[in-house]
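The block underneath contains the structure these notes are about, expressed in structure tokens.
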Amino acid sequence: MVNSKLFLALVTAALVAASPAISDRSEDAWDAIVVGAGAAGIIVADRLSQAGKRTLLLEGGGPSYGITGGTQRPEWLEGTNLSRVDVPGLYKSIFADQGNLTCGTLLNAFGGCTIGGNTAINAGLFFEPPASDYDLYYPRKWKSADMERATAKVYSRQSSTDNPSSDHIRYYQSGYDAAREWIVEGAGFSQVDLNRNADRKTKVFGRPIWNYHNGQRGGPVKTYLQSALKRSCFQLKSGTRVKRVLRSGDRATGVLTVSNNVEKTYKLRRNGRVILSGGALFSPQLLMLSGIGDPGVLNKIAAAGLLDDLSPSSWINNTAVGDKLFDNPNTFIELESPEITSFVHSYDDPVPEEAEPYVERRAGPYTFASQTSAFFNTIKHSNGDVVGLQGTIDTAGYNEYTSNHTITLNIYGTSGLKSTGRVQLDENFVPGPSQETYYSHPRDAQDIATFIRSIFDALPASSLTPLNIAQNATHAEIVEYITTPSAYAVGQVNHWSSSCRFGKCVDENTKVIGTRNIFVVDGSIVPPLSVNPQFGIMVAAERASELILRL
């Protein structure tokens, strides 16, 4: 795999603080219309405009970071140019009140509808996938050797760190100390730098790595978008939702949008392309609303009058659109120890001694989201299948367990799982996951329960006590617990991926099969990874940009 140390040395040191004014060229025709300003769309738009392509980036949401014009902030941030999005420690507050940064009624799931997409609302965990993910799950042109250049590009543009406070102090680490005693000393995991050892995903433990820069949230908004905004051939239009791709036969001619209840058409040049980057739920929906998808679904959309300019003879029937949707099955395990001091970031009323260092010099506990540690393991099956498992530990308890001595362990199933669902549209044609997305294949629950049982066997080496699952629970009892819906199990993690897979929905160049110039570049094309998907989606966007520009 690529040498992460080399790439980290390439990270750019400065961010552009402001963007030049750009005139509205909405009546022009474009070489590329990119739909969705998230982790993938921003990168693709930057790379295409860098190559001189007249590029329009459309985002349905509005401002997020301060640099985008975002002004949502608590009182203690008044007088700064920061919004709540910029402050890593405030990410949970977005889950609590949404803050007009999420998709609301447009999505039957939790997702970011704002400049930056999910990168503007999540914790910012930034783990490099192992080479085996590319070699096992990706097609030709996307193997690990093919991805080295794209990975290097991401590292060269995107800062990352496991110690974000400017004073180099790691705050509220009692949970980390307890976890290390449990997982490393008790369970025999190796302690490693998780990105410098990206290929190691069996029995490894380390500190979380985030996409932060100078104590603030990073992501493509702070890097790729700022370079794109300097170019005269690029334009970003936010608050502009795409209703469908307009096409003549198998060729896209533009997109139909709505902004402030006014519809508008943006046209492609003769050899132009539409790149859908709305995410693994929105991009399949948009294909369906454009007459591309499962015939049964298209019939329902047509019956509602939403395909009235497309006759059935012009539909592009492809049952792989929206199929094989994946999200990590997650279980919250609440842990308690008298040696732990919990910590909850406050939005409105932080302790002054913790808020002031952040405002003054980007130091203190508000420089990190809340995770203190992460660990990975694999299970190998006799048929050669390898299943990935991941754990992350938070600084606080959850739901019923919120004493000053509780922390939360999140257990994910990752790569190699069998359960998938579909992007399904409700009666209002709003997309969301189908019910079988989680645990529809019985092997997944067996594997995740095996992982939990194995680490529980090492619990006596630490002071930690599990609260919501008995420490002596049998494998069968753990299976029942993790597959029974509750506040702690079978909830959405919102790591959506894989709903427009290579070879069936898109070809190796990310072009939608059955079309000439419609592409999908986002989590939809990314197979289930062994890590949180953000890093992998950004690398996929870099690789897709290379391939599209070669066409």
Side-chain angles (χ1 to χ4, degrees), residues 95 109-110 125 175 179 182-183 186-187 189 201-203 205 325-336 371 373-381 385-394 396-402 406-421 432-459 462 464-498 528-533:
F95 284 75
F110 191 89
L125 289 169
W182 171 22
I183 301 299
F189 283 47
K201 287 293 175 285
T202 299
K203 297 194 75 171
F205 173 93
L325 175 70
F326 180 79
D327 185 22
N328 298 122
N330 175 53
T331 303
F332 292 90
I333 300 177
E334 303 308 308
L335 302 163
E336 185 175 58
Q371 297 79 15
S373 51
F375 55 97
F376 299 85
N377 206 356
T378 54
I379 292 175
K380 295 183 179 180
H381 289 275
D385 287 355
V386 179
V387 174
L389 296 311
Q390 176 180 337
T392 57
I393 288 185
D394 194 272
Y398 170 71
N399 200 43
E400 299 172 286
Y401 303 100
T402 54
T406 57
I407 54 175
T408 299
L409 166 64
N410 288 77
I411 292 290
Y412 301 149
T414 60
S415 55
L417 295 188
K418 295 283 191 179
S419 302
T420 60
S434 63
Q435 186 174 2
E436 69 273 15
T437 302
Y438 308 96
Y439 296 121
S440 54
H441 194 289
R443 194 184 79 175
D444 295 347
Q446 295 292 322
D447 286 344
I448 294 170
T450 296
F451 180 47
I452 294 172
R453 185 60 264 165
S454 70
I455 59 175
F456 272 20
D457 288 342
L459 266 169
S462 74
L464 291 165
T465 300
L467 301 176
N468 58 319
I469 302 178
Q471 183 171 336
N472 62 354
T474 66
H475 183 274
E477 289 170 337
I478 296 173
V479 168
E480 182 178 5
Y481 187 88
I482 67 176
T483 58
T484 301
S486 72
Y488 307 96
V490 204
Q492 295 177 357
V493 180
N494 307 298
H495 289 174
W496 308 110
S497 70
S498 313
L529 298 174
S530 300
V531 294
N532 300 65

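Note that the numbering runs from 1 along the sequence shown for the chain.
- Val479 and Ala449 get closest at one heavy-atom pair: CG2-CB, 3.4 Å.
- Smallest separation of non-hydrogen atoms from Pro433 and Trp496: CG-CH2, 3.5 Å.
- The shortest distance between side-chain heavy atoms of Pro329 and Leu417 falls below 4.5 Å.
- With Leu409 as the fixed residue, the side chain to side chain contact (heavy atoms under 4.5 Å, CB included) test singles out one of Leu464, Ile469, Ile455, Thr392: Ile455.
- Ring-plane geometry between Tyr398 and Tyr488 is classed as perpendicular, the angle between the planes exceeding 60 degrees on a 0 to 90 degree scale with a lower cut at 30.
- With sequence neighbours excluded, the residues satisfying side chain to side chain contact (heavy atoms under 4.5 Å, CB included) with Ser419 are Ser440, His441, Asp444.
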Take Lys201 and Val531, measure what side chain to side chain contact (heavy atoms under 4.5 Å, CB included) needs, and give me the verdict at the end. CA-CA 9 Å; Lys201 287 293 175 285; Val531 294; 3.4 Å; yes
Working note: Tyr481 + Ile452, criterion side chain to side chain contact (heavy atoms under 4.5 Å, CB included); need CA distance, chi angles, decisive distance, verdict. CA-CA 11 Å; Tyr481 187 88; Ile452 294 172; over 6 Å; no
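- Taking Ala476 as the reference, Thr474 meet the side chain to side chain contact (heavy atoms under 4.5 Å, CB included) condition, with sequence neighbours excluded.
- Take Lys380 and apply the salt bridge (charged side-chain N to carboxylate O under 4.0 Å, His left out) test, not counting sequence neighbours, and it matches no residue.
- Side-chain contact between Pro466 and Phe456: present, with at least one pair of heavy atoms (C-beta onward) separated by less than 4.5 Å.
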Side chain to side chain contact (heavy atoms under 4.5 Å, CB included) assessment of Asp447 paired with His381: CA-CA 10 Å; Asp447 286 344; His381 289 275; 2.9 Å; yes
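- Contact of the Lys418 side chain with the Asp385 side chain is registered, since non-hydrogen atoms from C-beta on lie closer than 4.5 Å.
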